[in-house]
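Contents: one structure, followed by commentary.
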Amino acid sequence: MFLKINKDHQRFRQIVKGKIRDDLRKFLTRGELIGKEGKHLISIPVRGIDLPHFRYGDNNDGGVGAGDAQVGDPVDSGDGDAGPGGTQPGSHIMEVEVTLDELADILGEELKLPRIKPKGQHTITAEKDRYSGIRTSGPESLRHFKRTFRAALRRQLIAGTYDPKNPIIVPVRSDRRYRSWKTVLKPQSNAVILYMMDVSGSMGDEQKELVRLEAFWIDAWLRRNYEGIESRYIVHDVRAAEVNRQTFFTIREDGGTKISSAFKLAKSVIDTHYNPAEWNVYMFHFSDGDNSSESDSRECCRLLKETMLPQINLFGYCQVASAYGSGNFINVIHEHLDSEENVITSRVNTKDDIYDSLKAFFTAGR
Amino acid sequence: MSLPSLRPDLARYAREIADIARAAGLDFFETRFEMVDFDTMQEIAAYGGFPQRYPHWRFGMEYEKLRKQHVYGLGKIYEMVINNDPCYAYLVNDNSTVDQKLVMAHVYAHCDFFKNNYWFSKTNRKMMDEMANHATRIRRHIDRYGSDRVERFIDTCVSIDNLIDPHAPFMQRTPPREEERRGVSPEREVEQDIVRYKSKPYLESWINPPAETSKQREALLAERERKKHKLPPQPMRDVLQFFMENAPLEDWEADILSMIREEAYYYAPQGQTKIMNEGWATFWHSRLMTTRILQDDEIITYADHHSGTVHMPPGQLNPYKIGVELFRDIEDRWNKGRFGKEYDECKSMEEKRKWDKKLGLGMEKVFEVRRIYNDVTFIDEFLTPEFVDRFRMYHYRFDPSTRRMVVVNRDFDKIKAQMLFMLTNHAQPYLYVLDGNYANRGELYLGHKHHGVDLDIKYAVETLKNVQRLWRRPVHLQALINDEMVLFSYDGEQSQQQKLHGDMPPPAHAV
């Protein structure tokens with residue numbers, strides 16, 4: 001259906017995607033990309049463009065709420081913006097609870113899928129069911145209790161058989177409501193993602209938080225779009241070790257940095273488990289760019305160029321800002337590997353940069 | 001836009017409910033209901049309630065938000081009503097009949113509020129036409145000057161559209177011009193301002209020495225002379241108006257700015273009466289629905305939706321809930337005579353609890369309240385310690401040690417002060433034009449009046465750039481940040497901020 005507003009909407013989408021009006025990009029609001037990880041529920045604010053206004057700073061004033069809280073209790077959703085007001089009807093602060101899958105979809109509106117090639121034995125698409133509707137017939141295991149109850153209550157009220165003093169609700173056949181599903185197709189392929197992270201002394205908690213967020217989103221985005229993706233995690237200081245996901249995100253170590261150690265281990269992991277003829281390989285390396293020696297940096301580039309790049313789909317290097325360190329590794333990569341098509345680098349200094357970094361990794365559709 | 005006419009049964013309900021509402025004392029403009037599908041409803045809501053607006057991406061942004069809200073099942077728009085004569089209200093076509101009835105009752109109360117509340121009395125009641133005219137005018141500018149240029153200019157204007165003076169329509173801010181002040185010459189006026197002590201005629205020249213009076217006279221005249229050349233003559237809150245009169249704008253720019261200003265003034269009373277307006281509408285829909293309108297089989301759906309409307313999650317204030325409960329509280333207090341000196345000074349809690357003078361003034365009082373109050377005066381007057389206690393309200397603040405918002409106390413005075421602060425100027429900072437010719441260099445000098453909370457620096461710096469885009473000469477903003485007076489400046493290329501010190505030329509006025 002055609003609506004006048006579609007034109008405005010289109011224009012807004014184009015600004016968000018960065019196609020027009022670059023001057024507005026800096027007012028894009030994206031807030032926290034990740035809310036909570038548990039139970040796959042994540043709260044995100046919807047994207048918008050916040051034209052600057054003269055306004056009060058945050059965190060100075062409080063607000064007023066109501067409920068059974070004790071003095072000292074945190075107010076969960078309290079973000080200092082609870083003041084009523086605003087002149088536009090229907091403009092609310094939107095904290096949306098969506099599932100991780102939906103969130104990846106939202107993210108995906110602006111990202112391009114990597115072009116994972118069909119390799120190995122597996123089929124490229126797989127069917128998957130999603131529960132999204134309600135109907136009046138179906139298997140008992142899918143009965144929607146609340147809807148059924150409501151329908152029964154309603155019927156009894158209308159029929160006059162509902163007794164408030166003895167509120168027994170007896171659903172009959174026609175009251176029953178069942179969840180129904182839709183079948184969707186999902187591309188499936190053999191792909192492995194190798195995450196490598198520098199955990200030397202110079203990587204602080206803040207840097208790790210950035211890496212964690214970035215890796216989380218890469219993971220969420222790829223898993224959303226492809227079935228059967230494997231992830232491997234490697235941490236390194238002067239030596240590299242393969243760890244599990246949990247450790248990868250929580251570990252803190254000390255010591256110097258030798259990036260080539262990680263690349264060597266990555267190579268051996270690929271060689272033993274993931275034959276490039278059968279697998280699409282994606283490598284992401286996170287570091288503050290402070291390698292112990294120039295010669296090691298050069299060694300890394302040589303390793304990449306000669307043995308790994310020809311076999312893998314993408315090598316993404318993401319450098320976080322660090323208070324220490326020279327951060328020179330990214331320059332070395334630029335110097336030696338500029339001509340390679342499947343190398344992408346990005347810098348992440350604050351949380352706001354994560355989104356742009358993701359875009360850098362996933363625009364070309366590699 | 002052509003809309004399908006109302007279903008006959010709904011048209012009948014609309015007439016019946018209008019009669020019921022009128023019988024209950026509500027007084028509203030003629031109200032026209034239009035049936036739309038949810039997509040159109042979202043479009044209209046994104047346009048701020050109007051079917052016609054000028055093209056701008058921010059309506060598209062609003063539309064996307066509303067759509068996502070709808071898609072993720074976070075809520076949908078049930079009603080939309082415009083302050084206009086006749087009032088226009090929209091019904092969503094896939095709502096159940098009960099919902100439509102509820103919306104109708106709600107809408108009639110809103111219309112009554114628009115028509116009778118004093119703060120709406122100066123709004124344009126033909127805004128529907130006006131908005132369509134604005135759309136046409138802006139489209140014409142787009143045809144002539146290009147959409148990119150016009151859009152950028154609208155962005156700039158929207159960025160400062162909160163710099164208006166919501167009280168201005170009700171009063172004369174600037175004194176009338178010299179020639180309009182009939183009869184009194186400036187010299188005569190000055191004579192009245194000279195300090196003279198009472199004296200017998202023969203002592204006059206000793207008690208009020210002529211040298212002293214003439215010195216005063218000269219000083220006063222000189223002061224008046226200086227003031228005459230001050231721009232603006234006094235600190236001015238309506239920055240948009242100041243720009244229209246004084247900024248070097250092209251005709252089409254001035255035209256757009258005037259439209260955006262007009263729309264800002266139109267929406268201002270809605271921001272000033274959010275709690276009251278929604279409270280009033282909820283008060284009446286619940287009363288009319290439960291006593292006159294509902295059929296037996298509709299009660300569950302009604303109760304379900306009504307409770308959703310007034311649900312108040314912890315840590316937030318729902319204007320519907322606070323508003324409706326305050327109106328009910330007022331009705332109850334004035335019915336029972338729980339007000340005035342005698343009641344306030346009564347010390348016995350037991351006696352207060354049983355207090356009932358059977359005055360029956362409740363209905364009369366709520367109608368009076370809806371006529372003359374706005375949110376600030378409403379809360380100031382009718383929020384009582386008993387009410388705060390009954391709804392277990394609390395005051396929360398940012399706690400630096402845990403970096404979270406935490407409950408600080410349940411102290412009535414604090415809660416009330418905080419609520420009033422949030423409502424005053426609908427939580428927007430007060431800014432004034434202090435000088436339109438700062439340091440005699442044609443630069444603009446704005447000042448923030450500090451009420452306990454600093455401006456957001458990042459936003460201030462960016463907004464100042466937009467101010468400069470309109471003023472074209474360098475602009476300055478004086479603001480108290482962390483207890484220090486800071487001057488933010490932007491000259492079109494560089495932003496800078498510095499502490500205010502004595503060597504700087506002072507602006508024409510101080511805040």
Side-chain angles (χ1 to χ4, degrees), chain A residues 1 3-5 7-13 15 21 23-24 27 46-49 51-80 82-91 94 96-98 102 150 153-154 157-158, chain B residues 39-40 43 45-46 48-49 55-57 59-61 63-65 68-69 72 74 77 155 158-159 162 267-268 270-271 274-275 297 300 312-317 319 391-398 404-409 415 418-419 422 426-427 429 431 453-456 459-460 462-463:
Chain A
M1 181 180 161
L3 292 168
K4 284 186 299 294
I5 202 148
K7 220 174 141 189
D8 292 334
H9 188 213
Q10 213 63 44
R11 190 139 179 104
F12 170 68
R13 295 299 319 162
I15 297 173
R21 294 295 309 275
D23 53 319
L24 289 174
F27 304 127
V46 170
R47 297 173 68 78
I49 296 168
L51 281 176
H53 277 83
F54 288 118
R55 47 169 267 186
Y56 288 125
D58 288 335
N59 293 345
N60 286 318
D61 64 332
V64 175
D68 284 326
Q70 294 292 311
V71 168
D73 284 357
V75 186
D76 273 331
S77 54
D79 50 9
T87 51
Q88 296 284 340
S91 67
M94 294 263 302
V96 186
E97 294 265 299
V98 293
E102 287 168 322
R150 242 180 79 122
L153 175 61
R154 200 183 150 88
L157 273 171
I158 296 170
Chain B
D39 226 10
T40 313
E43 174 185 82
H56 192 257
W57 55 261
F59 303 127
M61 172 174 85
Y63 177 69
E64 179 167 297
K65 271 190 199 172
K68 284 196 174 155
Q69 206 173 12
Y72 294 119
L74 296 153
I77 312 162
D155 288 355
V158 169
S159 161
N162 58 342
Y267 282 117
Q270 298 183 14
K274 187 101 184 143
I275 295 179
D297 61 330
I300 290 286
M312 192 148 72
Q316 284 172 24
L317 285 188
F391 288 94
R392 312 203 35 76
M393 290 164 75
Y394 54 74
H395 175 213
Y396 65 82
R397 278 188 82 90
F398 183 70
R404 289 187 75 172
M405 288 287 177
V406 298
V407 177
V408 201
N409 55 41
I415 289 173
Q418 181 62 37
M419 277 187 83
M422 295 192 306
H426 30 102
L431 279 109
V453 181
D454 293 355
L455 282 185
D456 186 306
Y459 278 79
E462 287 300 328
T463 316

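Just so it is clear: chains get the letters A, B, ... in the order the sequence lines come, proteins before strands, and each one is counted from 1. Any value given below was found using the heavy atoms of this structure, including those in side chains, with hydrogens, waters and symmetry copies removed.
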Separation of [Y] [atom2] from [X] [atom1] (nearest 0.5 Å):
{"X": "A/Ile49", "Y": "B/Trp57", "atom1": "CD1", "atom2": "CH2", "result": "4.5 Å"}
{"X": "A/Arg55", "Y": "B/Tyr459", "atom1": "CZ", "atom2": "OH", "result": "4.0 Å"}
{"X": "A/Tyr56", "Y": "B/Leu455", "atom1": "OH", "atom2": "CG", "result": "7.5 Å"}

For the backbone of [Y] and the side chain of [X], can you confirm whether one donor and one acceptor N or O come within less than 3.5 Å of each other?
{"X": "B/Ser159", "Y": "A/Leu51", "result": "no"}
{"X": "B/Glu43", "Y": "A/Ile5", "result": "yes"}
{"X": "A/Asp8", "Y": "B/Pro55", "result": "no"}

Of all the heavy-atom pairs spanning [X] and [Y], show the shortest one and how long it is.
{"X": "A/Leu153", "Y": "B/Ile300", "result": "CD2-CD1, 3.8 Å"}
{"X": "B/Val158", "Y": "A/His53", "result": "O-NE2, 2.9 Å"}
{"X": "A/Pro52", "Y": "B/Glu462", "result": "CB-CB, 3.7 Å"}

Taking only residues two or more places apart in sequence, or in another chain, which ones meet A/Arg21 in a salt bridge (Lys or Arg N to Asp or Glu O under 4.0 Å)?
->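 Residues passing salt bridge (Lys or Arg N to Asp or Glu O under 4.0 Å) with A/Arg21: A/Asp23, B/Glu151, B/Asp155.
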Let me know if A/Ile158 has heavy atoms under 4.5 Å from chain B in its side chain, its backbone, both or neither.
->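 Interface part for A/Ile158: both.
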Contact part of B/Val408 toward chain A, heavy-atom cut-off under 4.5 Å: side chain, backbone, both or neither?
->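 The backbone, not the side chain.
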